There are 2 protein chains.
Amino acid sequence: MKGHNFSSKREAIFKTIASTKTHPSASWVYDQLKEEIPNLSLGTVYRNIALFKEQGKIITVASVDGEERIDADVSDHAHFICEHCSSVIDLYETELSPLEKQLFESGFDIKRKNVVFHGICCECKEKLN
Amino acid sequence: MKGHNFSSKREAIFKTIASTKTHPSASWVYDQLKEEIPNLSLGTVYRNIALFKEQGKIITVASVDGEERIDADVSDHAHFICEHCSSVIDLYETELSPLEKQLFESGFDIKRKNVVFHGICCECKEKLN
DNA sequence: ACAGAAAACAGTAATGATTACTGTTTTTAA
DNA sequence: TTAAAAACAGTAATCATTACTGTTTTCTGT
């Protein structure tokens, strides 16, 4: 059965994802680890990311500049994506309950909600002035 | 200057996008039109979709099964994506104002917000039982 | 500890959506 | 009407992601 054997690479991949606030892409994780683990394969990173998603240990935040960005914080929170620097920033306190309640009452089975704001972050806003 | 000449294909592409509630992908639009316009090129569909986005006439909703899905309804509304049938459904009345207000006060320049629920739609839910 | 089976892996090739390129056709504005 | 700009078809290239193949690692029961 898949995902039940120990693997030090899997552990390292998860640790890298879980210990950053950057909401990384697969290639970012790979780049972070390839010095420490020279024979790591990018396919292994992708395979384990897919596994973590199945296991509910990570979520997909959004696709930014053609790359999928992930998050090991699976708690209910929103994100802000900067159009200028492509950074992804955590936001808490979403208060979507009225809409969720309405959906539930309409018979929808909500597995996950994904709230993403797009714009220019305050750092880039200052730089651009 | 780009996007300022008349083009019947551009018109047809926009009309196709604007007259559906399916939140189509580029290839869906292409498939819809290729009977009516046999010499249409998929590249033209992509090029015009990019133009419409720049012009703010359409938005990207989400990436579903590896394909970007678009919407000519640029008004403030949310979406529900069914994990089973991949349909994208409009939802209105989001009520995100408290969070938006907080972002504005923190110096973020919000261009767009994107609220997406993932789960099983009520039609699929019935079928699966 | 050891052997066989299952899982995980590296390395590479394939896939498929999207983008770029090239030469041609269409539109525009004077 | 004509030349410049824009739009296009058709094709090739790009690039993130996935699939494949043969090898290595982990696990489980003895």
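Just the heavy atoms: all of them, side chains too, but no hydrogens, waters or symmetry mates, feed the values below. All chains are named by letter (A, B, ...) in the order of the sequence lines, taking the proteins before the strands, and each is independently numbered beginning at 1. Predicted, not measured: the structure shown is a model, and the values here were computed from it.
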Proximity to the side chain of A:K9 - top-ranked nucleotide from C:dA8, D:dT17, C:dA10: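 Comparing C:dA8, D:dT17, C:dA10 against the side chain of A:K9, the answer is C:dA10.
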
Among C:dA8, C:dA17, D:dC8, find the nucleotide with the atom closest to the side chain of B:Y46.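 Ranking C:dA8, C:dA17, D:dC8 by closest atom to the B:Y46 side chain puts C:dA17 first.
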
Under 4.0 angstrom between [X] side-chain N/O and [N] OP1 or OP2:
| X | N | value |
| --- | --- | --- |
| A:T44 | C:dA8 | no |
| B:R47 | C:dT19 | no |
| B:N39 | C:dT25 | no |

State whether a side-chain donor-acceptor pair under 3.5 Å links A:S27 with A:E67.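 Yes - a donor-acceptor pair under 3.5 Å links their side chains.
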
Of B:N5 and B:S27, whose nearest nucleotide on DNA chain C comes first from the 5' end?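 Checking each residue's closest nucleotide, the 5'-ward one belongs to B:S27.
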
B:N48 CG to C:dT19 P: how many Å, rounded?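 One finds 13 Å between P of C:dT19 and CG of B:N48, rounded.
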
Nearest-Å distance for atom pair CD/P, residues B:E67 and D:dA16: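 Nearest whole value for this atom pair: 19 Å.
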
Ring center gap for A:F108 and B:F117 short of 6.0 angstrom: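 Ring-ring flag for A:F108/B:F117: false, centres at least 6.0 Å apart.
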
Can you give me the closest heavy-atom contact between A:C82 and A:I120, atom names plus distance?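 Result for this residue pair: SG-CA, 4.0 Å.
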
Residue whose nearest DNA chain D nucleotide is more 5′ - A:G66 or A:F6: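 Result: A:G66.
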
side-chain hydrogen bond (donor to acceptor under 3.5 Å, both in side chains) between B:H23 and B:D73, intermediate numbers included: CA-CA 9 Å; B:H23 308 81; B:D73 180 356; over 6 Å; no

